[in-house]
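Right, one structure below, let's go through it.
Computed from a prediction, not measured in an experiment: that's the story for all the values here. Below, read A as the first sequence line, B as the second, and so on, with proteins coming before strands; counting in each chain starts at 1.
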Protein chains: 4
Amino acid sequence: MMTRQKLRSEETKQAILSAAGKLFADRGYDGVAMREIAKEAGCSHTTIYIYFKDKEVLLHALSMPPLIELKENFEQLVTQSQLAPETKLIEMSMRFIRFCLLHRSIYSVVFIAKGERVDKEQQDLEINETRVALFKQLGQVLQDVLPLPLGEERLLQFNRIYFFMLHGIVSTYSHTEEPLTDIMDRLSSTFETAFDALLNGFKLKMTNGG
Amino acid sequence: MMTRQKLRSEETKQAILSAAGKLFADRGYDGVAMREIAKEAGCSHTTIYIYFKDKEVLLHALSMPPLIELKENFEQLVTQSQLAPETKLIEMSMRFIRFCLLHRSIYSVVFIAKGERVDKEQQDLEINETRVALFKQLGQVLQDVLPLPLGEERLLQFNRIYFFMLHGIVSTYSHTEEPLTDIMDRLSSTFETAFDALLNGFKLKMTNGG
Amino acid sequence: MMTRQKLRSEETKQAILSAAGKLFADRGYDGVAMREIAKEAGCSHTTIYIYFKDKEVLLHALSMPPLIELKENFEQLVTQSQLAPETKLIEMSMRFIRFCLLHRSIYSVVFIAKGERVDKEQQDLEINETRVALFKQLGQVLQDVLPLPLGEERLLQFNRIYFFMLHGIVSTYSHTEEPLTDIMDRLSSTFETAFDALLNGFKLKMTNGG
Amino acid sequence: MMTRQKLRSEETKQAILSAAGKLFADRGYDGVAMREIAKEAGCSHTTIYIYFKDKEVLLHALSMPPLIELKENFEQLVTQSQLAPETKLIEMSMRFIRFCLLHRSIYSVVFIAKGERVDKEQQDLEINETRVALFKQLGQVLQDVLPLPLGEERLLQFNRIYFFMLHGIVSTYSHTEEPLTDIMDRLSSTFETAFDALLNGFKLKMTNGG
DNA sequence: GATGAATGAGCTTTCATTCAT
DNA sequence: GATGAATGAAAGCTCATTCAT
């Protein structure tokens with residue numbers, strides 16, 4: 001049973017997370033002050049420190065759950081063997097895009113300003129592991145689409161290029177005010193075309209080159 | 001005729017621009033203090049305010065010349081009719097990448113800018129014009145590569161996708177500490193492969209779809 | 001008769017006092033947060049405020065019992081007529097030192113206090129009375145050692161000087177991390193030598209001067 | 001020639017040093033906020049950071065000059081061979097006391113809260129060196145008074161005890177509001193008596209023990 | 001009696017910017 | 001034109017304390 005206190009506490013915590021998510025997404029991690037988050041969340045800035053040890057922990061708490069969800073989401077898709085690899089890959093790509101645009105603050109911090117500090121190990125480790133896992137999942141399916149031996153130079157190259165496309169799409173729209181649904185409505189077919197064209201280009205190279 | 005004073009003054013201004021360019025590129029716009037710029041430029045930090053109204057104006061002043069240079073660079077290339085359009089396009093793309101990674105602070109401001117402020121109109125206008133011109137030049141050459149009627153839906157799509165790739169590459173490496181030359185040595189062939197694969201993918205779609 | 005509630009309540013209070021005593025001794029009054037005391041005491045930090053109006057009152061409550069104990073300890077010693085006065089005095093001095101180093105936070109507040117606040121009268125009065133009593137006891141035994149008429153100028157001087165030595169010893173070691181027992185093992189003979197030399201010096205002066 | 005600007009700057013710096021000295025002495029290093037120092041000095045708290053990198057550097061700047069002066073003062077005295085060692089020692093002790101009571105903030109920080117941090121090497125090294133030098137000078141003269149072989153256990157003990165007395169006197173009066181001159185007028189003869197009695201006590205022990 | 005939630009005041013420090021010379 | 005002096009605003013964070021349950 002949830003006491004009324006616990007409930008209120010949880011509400012505050014969620015309010016903080018929600019406020020931080022919104023503000024980080026809009027103006028970036030460094031561009032947002034704790035006091036602003038507090039104001040947006042409707043509490044004092046000291047209250048934030050009750051729930052999160054410091055600003056970085058707040059970001060971490062904000063990032064982990066969606067990241068894990070995405071990872072599990074990916075896993076589910078990967079193991080669905082009745083789908084064609086290409087269909088899987090594009091579906092995963094679309095979900096990745098949707099995720100990054102939905103959680104813009106996470107995107108900028110987790111996928112862009114990656115791995116610098118060595119100190120905050122425990123935390124960054126957790127995040128980093130998840131990020132690596134995500135990319136590995138994508139890479140694996142890409143390999144299914146392009147039948148090249150693992151470790152082959154060209155596979156690595158195609159992998160990189162594929163991620164350029166992903167990053168390019170996300171970074172192009174991660175600063176827009178336009179709501180996610182509008183973007184997806186307008187552009188999801190463009191995104192699919194992008195991946196499709198790219199994969200066809202890869203295949204052509206494999207045919208010619210092999 | 002330049003008086004000696006004016007000359008010396010111009011020198012100071014250039015020293016400031018040069019210092020700011022170097023520091024912004026290394027540590028980002030927000031990561032550099034005016035005092036540091038001044039020290040690197042060999043003048044007092046108050047002197048900067050004689051030449052530039054504030055920090056943002058300094059950044060914009062810093063951005064214009066390279067942008068214009070790139071534009072002229074592009075123009076030169078475009079008008080060289082003896083080159084195959086595809087060669088032109090890829091060369092322009094590589095120069096664009098090199099430019100963005102060389103002037104990382106400019107990149108983030110010029111190509112990522114959310115375009116909100118209403119006050120700084122005059123400046124942003126100038127920059128914006130140049131940016132639009134650059135993209136137009138790229139788009140034009142893309143059209144030469146892909147013979148589709150202007151305004152055709154697929155052309156617009158391919159254009160967008162091509163820019164995704166450009167942004168993806170640049171944004172992937174714009175936060176690295178690795179020097180530009182190292183990046184280019186390691187990856188320029190990957191970048192070329194990316195553009196080539198993409199263009200081939202486009203062409204395939206045109207053949208199949210038409 | 002104590003109800004069970006009162007008993008439990010008293011336990012909590014003692015836990016707080018014990019925790020505070022330990023922490024204050026280790027890291028000083030200002031170096032310890034109320035939350036830490038609470039954690040060490042196994043209760044909520046708000047609970048502390050039920051028993052003690054504020055942090056300062058806690059410190060004072062912490063100080064009284066040991067002070068009174070020391071006073072009674074002194075009384076016991078003073079009335080043991082079979083001991084030589086000099087033996088008594090040195091024994092009392094050693095106990096005083098041991099006390100101050102054991103209760104370092106008390107020492108700094110009780111014996112170093114500037115005596116300014118007017119509000120906290122009631123409390124400081126209590127403490128002050130005890131402190132005065134302690135010094136009086138020491139002074140009395142010193143007088144037994146040095147047979148000088150009460151109120152004699154030299155007696156007052158010797159008294160002061162003797163306290164300088166006491167303070168000097170305590171203040172030298174009151175900021176060390178070294179455990180009390182180690183200090184006493186290493187240095188108690190030095191402390192005794194100090195008092196002995198000083199008393200002999202006093203006696204010499206009395207002989208020469210009288 | 002001093003420009004008016006430089007003069008004004010020096011005034012501000014001195015005002016800050018003076019304010020910090022006063023406040024540190026009254027309420028201790030940790031008990032004083034930068035804003036308070038600024039207010040006392042009649043400037044903004046940010047101005048302090050122009051002259052002193054941080055709070056600790058301010059303390060350092062505050063401490064070094066008087067410490068060095070005292071050291072030189074001691075050196076002068078030590079090399080005056082026409083004075084009896086005992087006279088020298090007592091004179092040095094009196095100067096040490098006067099110094100500590102004049103610069104109470106220095107006393108509490110330099111002679112009490114000694115050597116913990118290992119990081120701020122450069123600075124603390126300088127201070128520490130001077131402190132050690134001071135104590136060495138005092139110890140040397142004490143050895144001249146008490147002809148014992150260097151390294152002899154009793155010499156070390158006497159040395160320690162002598163410093164207890166010094167610390168005791170200083171710490172007893174370092175928290176008083178009473179002006180230095182009043183203290184010295186009232187008590188300098190008591191202080192001299194203290195040292196004299198102690199030295200006689202030492203000599204007595206040497207005679208008896210040897 | 002006891003507690004979790006919450007807060008305001010305050011800390012050191014940094015920075016872009018202005019003022020007087 | 002150029003500079004050193006100086007500042008207000010703001011940052012992340014801690015703490016003793018109060019309120020509602």
Side-chain angles (χ1 to χ4, degrees), chain A residues 3-13 30-38 41-56 58, chain B residues 3 5-6 8-13 30-38 43-56 58, chain C residues 3-6 8-13 30-38 43-56 58, chain D residues 3-13 30-38 42-56 58:
Chain A
T3 72
R4 207 171 312 159
Q5 271 213 5
K6 272 243 155 106
L7 217 91
R8 184 149 163 54
S9 165
E10 194 57 28
E11 262 174 40
T12 304
K13 189 172 180 174
D30 285 330
V32 180
M34 293 299 262
R35 284 186 153 88
E36 286 178 276
I37 297 172
C43 67
S44 162
H45 67 279
T46 54
T47 301
I48 300 178
Y49 289 92
I50 297 173
Y51 297 98
F52 308 98
K53 198 178 90 43
D54 58 30
K55 202 182 176 186
E56 217 168 20
L58 171 56
Chain B
T3 71
Q5 271 222 357
K6 278 225 163 153
R8 182 144 163 55
S9 163
E10 192 57 29
E11 261 175 41
T12 306
K13 191 172 179 177
D30 284 329
V32 179
M34 293 297 262
R35 283 192 141 84
E36 291 179 274
I37 298 171
C43 67
S44 163
H45 60 283
T46 53
T47 302
I48 301 179
Y49 290 92
I50 298 170
Y51 296 100
F52 309 98
K53 193 177 118 347
D54 59 30
K55 201 182 176 186
E56 212 171 17
L58 171 58
Chain C
T3 71
R4 206 172 311 158
Q5 269 221 0
K6 279 227 163 151
R8 183 144 162 54
S9 163
E10 192 59 26
E11 261 175 42
T12 306
K13 190 173 179 177
D30 284 329
V32 178
M34 293 296 262
R35 283 192 141 84
E36 290 179 275
I37 298 171
C43 69
S44 163
H45 60 283
T46 53
T47 303
I48 301 179
Y49 290 92
I50 299 170
Y51 297 101
F52 308 98
K53 194 175 118 345
D54 59 30
K55 202 183 176 186
E56 212 170 17
L58 171 57
Chain D
T3 72
R4 206 172 310 160
Q5 271 213 6
K6 271 244 156 105
L7 217 90
R8 184 149 164 53
S9 166
E10 193 58 30
E11 263 173 40
T12 304
K13 190 173 180 175
D30 285 329
V32 179
M34 294 299 262
R35 283 188 154 86
E36 288 178 275
I37 298 171
C43 67
S44 163
H45 65 281
T46 54
T47 301
I48 301 179
Y49 289 92
I50 298 173
Y51 297 98
F52 308 98
K53 199 179 87 44
D54 58 30
K55 202 183 176 185
E56 218 168 20
L58 172 56

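In this structure, dG12(F) and dC11(E) make a Watson-Crick or G-U wobble pair, each of the two defining distances being under 3.5 angstrom. Across all strands shown, dT21(F) forms a Watson-Crick or G-U wobble pair, both distances under 3.5 Å, with dA2(E).
The two residues I48(D) and M34(D) make their nearest non-hydrogen contact at CD1-O, 3.5 Å.
Proximity of T12(C) to the phosphate of dA2(E): a side-chain N or O atom is located under 4.0 Å from OP1 or OP2. Between dA6(E) and S44(A), no contact under 4.0 Å exists linking OP1 or OP2 to a side-chain N or O. OP1 or OP2 of dT7(F) lies within a sub-4.0 Å distance of a side-chain N or O belonging to T47(D).
Side chain of Y51(B) to backbone of S9(B): a donor-acceptor contact under 3.5 angstrom is found.
Distance from the side chain of I50(D) is smallest for dT7(F) among the nucleotides dT3(E), dT7(F), dT13(E).
A donor-acceptor contact under 3.5 angstrom links the side-chain atoms of T46(D) to the base of dG8(F). Judged by atom type and distance alone, H45(D) reaches the base of dT13(E) through a side-chain donor-acceptor pair under 3.5 Å.
Within 4.0 Å of Y51(B), counting heavy atoms only, lie sugar-phosphate atoms of the nucleic acid but no base atom.
Nearest-nucleotide positions on DNA chain F place R35(B) closer to the 5' end than the other of R35(C) and R35(B). Toward the 5′ end of DNA chain F lies the nearest nucleotide of R8(D), the other residue of the pair E36(C) and R8(D) mapping further downstream.
I48(A) places its CD1 atom 13 Å from the P atom of dG8(E), with the value rounded to the nearest Å. What separates CG of D30(D) from P of dC15(F) is a distance of 12 Å, to the nearest Å.
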*asked:* Between I37(C) and L58(C), is the side-chain contact (heavy atoms from CB on, under 4.5 Å) condition met? List the steps.
replied: CA-CA 11 Å; I37(C) 298 171; L58(C) 171 57; 4.0 Å; yes
